[in-house]
Each structure stands twice: as C-alpha cells, then as structure tokens.
Protein chains: 2
Amino acid sequence: MPGIEPEIEMDLRCAQCPVRHHAICNALGASNIGELSDIMTHRNLSAGDIILHQDESSELFAVIMSGVVKLTQILPDGREQIVGLLAASDSLGNPVSSVSNENAECVTDVQLCCFRRAQFGAVLRANPELEHRLLEQTVSDLKQARQWMTVLGKLGAQEKMARFILWLWRENHNMCPHRDPREPDSTICFPLKREEIAGLLGMTIETVSRNISKLKADGIIDLLDSKSIALRDVPKLQQIAQTYDDE
Amino acid sequence: MPGIEPEIEMDLRCAQCPVRHHAICNALGASNIGELSDIMTHRNLSAGDIILHQDESSELFAVIMSGVVKLTQILPDGREQIVGLLAASDSLGNPVSSVSNENAECVTDVQLCCFRRAQFGAVLRANPELEHRLLEQTVSDLKQARQWMTVLGKLGAQEKMARFILWLWRENHNMCPHRDPREPDSTICFPLKREEIAGLLGMTIETVSRNISKLKADGIIDLLDSKSIALRDVPKLQQIAQTYDDE
DNA sequence: CGTAGACTTGATTAGAATCAACTCCAGTGG
DNA sequence: CCACTGGAGTTGATTCTAATCAAGTCTACG
C-alpha cells in the first residue's frame, strides 16, 4: 500500500472537489489534473482572517472551495473600499507577480486549495490551456470591476442597492452553499454585514439601512431577517437598478 | 522588386513602429514578430470615431500606436461612465471573446495597428509567451480599474481631482506624444475635455471646474491654458490625493 | 465681427454623510 | 432562568457636499 496510496489519494482530492468543474482547474483534463493535485494543499480559515496584504509579497496562489473573501484597498486615512468579492470556484492571488494588488480577507469561514507560486507557475508554463483559462477569468474580473466603477460613479443610493441585490441574486448559489433547494428562488441571503455592503457600494451603513427599509416599504422586497430577503418585484428592482437585464 | 518588396515592407513596419518595444508585441522576438506583421493593418481614426460597441461582436483586436481612446459604459437613461483610458502601446479589444465589454471611442485622432481576431488568436496559440504578456496586461488593467473603484467610492471631489492630475502626470508621455523634451517635467497637458474628466471621476463638469480653480487658488497648480497645467506643489497634491506615492 | 462650444462662476437645492438615540438580538455569567 | 453586555442594525435630526439651475466669459473659427 504505501507508495501507491498517496498518489491515489491525491487524485481523489481533485475528483471529489466541489469546484473541480467550475474553477480554473477545469482547463485540465483527467490526464493532467494530477500535475495540480500533486502540489496542492488544503487550508481552512475563519471569518476575519487576512489572507493577503496589499503591496506585500506572498507565495500563495489559491482556489476558493467554499466561503466568501473580500478584496479591499485601504486609504492612508483608514477608509476602506471593497474592490471585489470572491466565492466558491474563484481564484485568489496575483497570477503574474508575487506582489498582491489588494488586501484579501475572509468574510465567512473559508476553505482554500493552495499552491506555491513557483510550483503553480511551472504547471502553467507546461499547460498553455490553463494559462488561457486564467486569462479568461481575469478578463471577466476586469469586466466586473468596470461595471462596479459605473455603479460607484453614476448611480444613486437606491440604484446601488437594487444593483447589489440583483447581483447577489445571480451569485447566491456560490455565496450561500447550503441552501434548501426547495426554498423559492426569490429568497437570497446576505453573506455580508451592513458595513461591508456599505464598503462595497461606496456609502455608509445608515444609507444602506435606510434604502433597504425603503425597498421593503415600497413592497419590492421582504426582510426575512437582517441577513436574508425575499424578492417581491424583480422587474421593478431591475428598473430601479438601471440595468437592461441581469448580465 | 515586386514579390520581395512587400515582405520586407511588412517587417519594416514593425521595426519602425513607435510602440514595438512597449506594446504586447514585445513578447515576440525578432524571429517571431513576422507572424504579427504578416497579419496586421494600420488604420487612422479621428477624434469622436467609435471603435467598439458594448455587448456587440467585433472582429477587431488592436494595439494603439498613438492617440487616446476612452472605454465607456452607458446607462439606460443615458448617463455615461468612463471605465478606462487607453493610450499609445495599450491594446484594445476583448482578448478572449468577440463581444466587447465596453464602448471604445477616440478622444483624439488615433492610429491603430489592427488584427483580425481569428488570425491573432492563431498567433496567440502558437506563442504562449504572447498570451502570457496579454495576461500581464490584463492583470495590470484590473489593478487600475480597482484603484479607480476606490477613487469613485471613497474620495471627495478635491481628492479625485488631485488623483487624476497625479495619474495624468505619470501617463503623460503616452498621452501627449509631441511634447518638447525641454519643457519642464512639471508641465502636463489634458487630452480630455472637462466633460470627459467628469465622466471619468464620477462628477459634473461644474465640480471639475471649481476644483481645478481651487487648486490654482491654493497655489498648488498653475493653469497655462484650459488644456494644460503646471504642477507647483507635488507633495501637497499627493497629500490631498490620499496616495502613498505615485504607484 | 459674430457665433457656438468649452469653460467658469454664482445661487440654490437635493441627497447622502454625520451625529445621536434607540431597538434587537446572541451570548455570558450570576 | 433572568439580567447584563456588546455588536449589529434601524431610525431621526442636522449638516455638508456636490448636483442642479442659471448667467456669465473666453476662445476658435467661419
């Protein structure tokens, strides 16, 4: 057994991985996935743990297996802007340099599939299709960052809130994994506190709270508890959000 | 002569190209650059010309040889946010899909080095180092987009203006090519109108104007004409901009 | 010289930030 | 079991910043 078992175990870890077919590793087929499983390690983190520091070097590159991670930038005077939210199957870490462009912090408990940069880079060079997949992912992140730029630059508080809820609706399956499948599709949960919603949308917790209350008062959403809501009038929400569809 | 000349010409076009050593094509050495020069065509555009439409398909992928291009998103009600500015040596077009994520419009007259998507993709697949270079570029764009998110979400009008000026200072050599090298380094020109600065910074032209005036009144900058300024007190500007350095 | 577009400046208003209570839990310990 | 505590969230009153509305100036150009 010893001498064979470890190798089988490694492959199993990928075969049973919940994000195997959604994360960047789906660029590698069964015959090549071993190159990644050979060099990966799993790590469990708790809400509040800090994974990466802006402008500091780190050997970590990772795929998120579960949980939510926020990417932030902090101004000299302490103000914090959330510049991205990552969930299951997203990847974490600068793919082309050891220096991180953002702080990364766990919003919930998080499970990571970790690689050492040098080793991951070697697999990348050996598998151009993996690097292509990484490019696709980065282009998609760029698209989303630019959409948030428009939200931050042009929308009012109510519009921001509506956009956020619609965005959360689409992303919710990655964010809140253990939902009852029988629960109506129109129910969504917030993995974020008010403070974090505010940090993402460029407003204060009071303004977030007021606008959630207003949407409720207008019959557009229902508040189930402070961390979950039900959508009552999606078309109205889309109209407020100034969005054509839910791209 | 005919039969040989064209081939030599092609190579010359890259050899004499002003951005040959700064754009993504610098990933290819002298022995491979021919693969690109064989499939490129130059195109001259005028200020105001629209190059790409958001969510529409285009066969174009291009490198900017000179001029400034703005990337924008437009809301259903007509409001426009600038989500990126491209200048000499930047590349233009979605590298992984024919569908553009933004509108692209010429701010000044522009010279493009154009490729047909399918042909460029083939060169990309044959030269992984070129795809890696494209990934580096995209990661850099993503970093910048996220920095703008922080500007849009957290900074006040004066702070935004200071950031913009410092950013322009760094980028100015790409934006305003024909500057007298003897001109002091502290003189910069705006390739953008007030309306476009406003569209980028998420404010109105009046607020832009007022804040430029205020910086002048405070002795931090001088207005040479409405399209160029001189920096008088860079440290003060950096302090207002809430920036550690000029990353 | 006259006009239109780009820019500036002033007066007023609207919307979000700020300041300040207050409610609603979840967890703790007596 | 209940009283305390502290964190999270809500709501109200006030302030402040930037948007809006409204003239103006300046400049390039026919």
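In the text below, chain A, chain B and the rest are named by the order of the sequence lines, each starting its count at 1.
Residue A/K214 is out of contact with every strand shown, counting any heavy-atom pair closer than 4.0 Å. When heavy atoms are screened at a 4.0 angstrom cut-off, B/S209 is found touching base atoms of the nucleic acid. Contact annotation for B/T204: base contact, defined as any heavy-atom pair under 4.0 Å involving a base atom.
Mapping heavy-atom proximity under 4.0 Å, the span of DNA chain C touched by chain A runs 5' to 3' from C/dA16 to C/dC19.
One can place CZ of A/R194 at 12 Å from P of D/dA8, the figure rounded to the nearest angstrom. Here D/dT17 presents its P atom at 14 Å from NZ of B/K160, a figure rounded to the nearest Å. As rounded to whole Å, 14 Å separates atom C1' of D/dG9 from atom NZ of A/K216. Atom P of nucleotide D/dC16 and atom CE of B/M203 are separated by 21 Å, given to the nearest angstrom. The interatomic distance linking A/I212 (CD1) with D/dT11 (P) rounds to 10 Å, in whole Å.
The minimum heavy-atom distance between A/L237 and A/A162, with the atom names listed, is O-CB, 3.7 Å. The two residues B/Q242 and A/P76 make their nearest non-hydrogen contact at O-CD, 3.3 Å.
Remark: A/D218 pairs with A/K214 by the side-chain hydrogen bond (donor to acceptor under 3.5 Å, both in side chains) rule, at least two apart or across chains. The side-chain hydrogen bond (donor to acceptor under 3.5 Å, both in side chains) check on B/R232 picks up B/D222, with sequence neighbours excluded. The side chain to side chain contact (heavy atoms under 4.5 Å, CB included) check on A/E206 picks up A/T204, A/R210, with sequence neighbours excluded. Take B/T41 and apply the side chain to side chain contact (heavy atoms under 4.5 Å, CB included) test, not counting sequence neighbours, and it matches B/C114. Evaluation of the side-chain hydrogen bond (donor to acceptor under 3.5 Å, both in side chains) rule for A/T138 yields no partner, not counting sequence neighbours. Under the rule for a side-chain hydrogen bond (donor to acceptor under 3.5 Å, both in side chains), A/N44 has no partner lying at least two apart in sequence or in another chain.
Each end of the helix from C/dC1-D/dG30 to C/dG30-D/dC1 yields a helix axis from five base pairs, and these two axes differ in direction by 20° (to the nearest 10 degrees).
Ranked by how close their nearest DNA chain C nucleotide is to the 5' end, A/Q158 and B/V208 are led by B/V208.
For D/dA19, one of the phosphate oxygens OP1 or OP2 lies less than 4.0 angstrom from a side-chain nitrogen or oxygen of B/T207.
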Short heteroatom pairs, N/O only, protein and nucleotides 21-30 of chain D, under 3.5 Å:
residue, atom, partner, partner atom, Å
D/dC21, N4, B/E206, OE2, 3.2

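Put simply, the side chain of B/Q73 never gets that close to the backbone of B/I82: no donor and acceptor are under 3.5 Å apart. The closest donor-acceptor contact from the side chain of B/D109 to the backbone of B/S46 lies at 3.5 Å or more, if one exists at all.
Non-hydrogen atoms lying under 4.0 Å from DNA chain C are contributed by nothing in residues 74-83 of chain A.
Sorted by first and then second residue, the pairs that involve residues 157-169 of chain A and meet salt bridge (charged side-chain N to carboxylate O under 4.0 Å, His left out), not counting sequence neighbours, are A/E159-B/R79. The stretch residues 189-205 of chain B participates, sequence neighbours left out, in these salt bridge (charged side-chain N to carboxylate O under 4.0 Å, His left out) pairs: B/K70-B/E196.
Using a 4.5 Å heavy-atom cutoff, the side chains of A/R146 and B/N101 are not in contact. Using a 4.5 Å heavy-atom threshold, the side chains of A/V69 and A/D90 count as separate.
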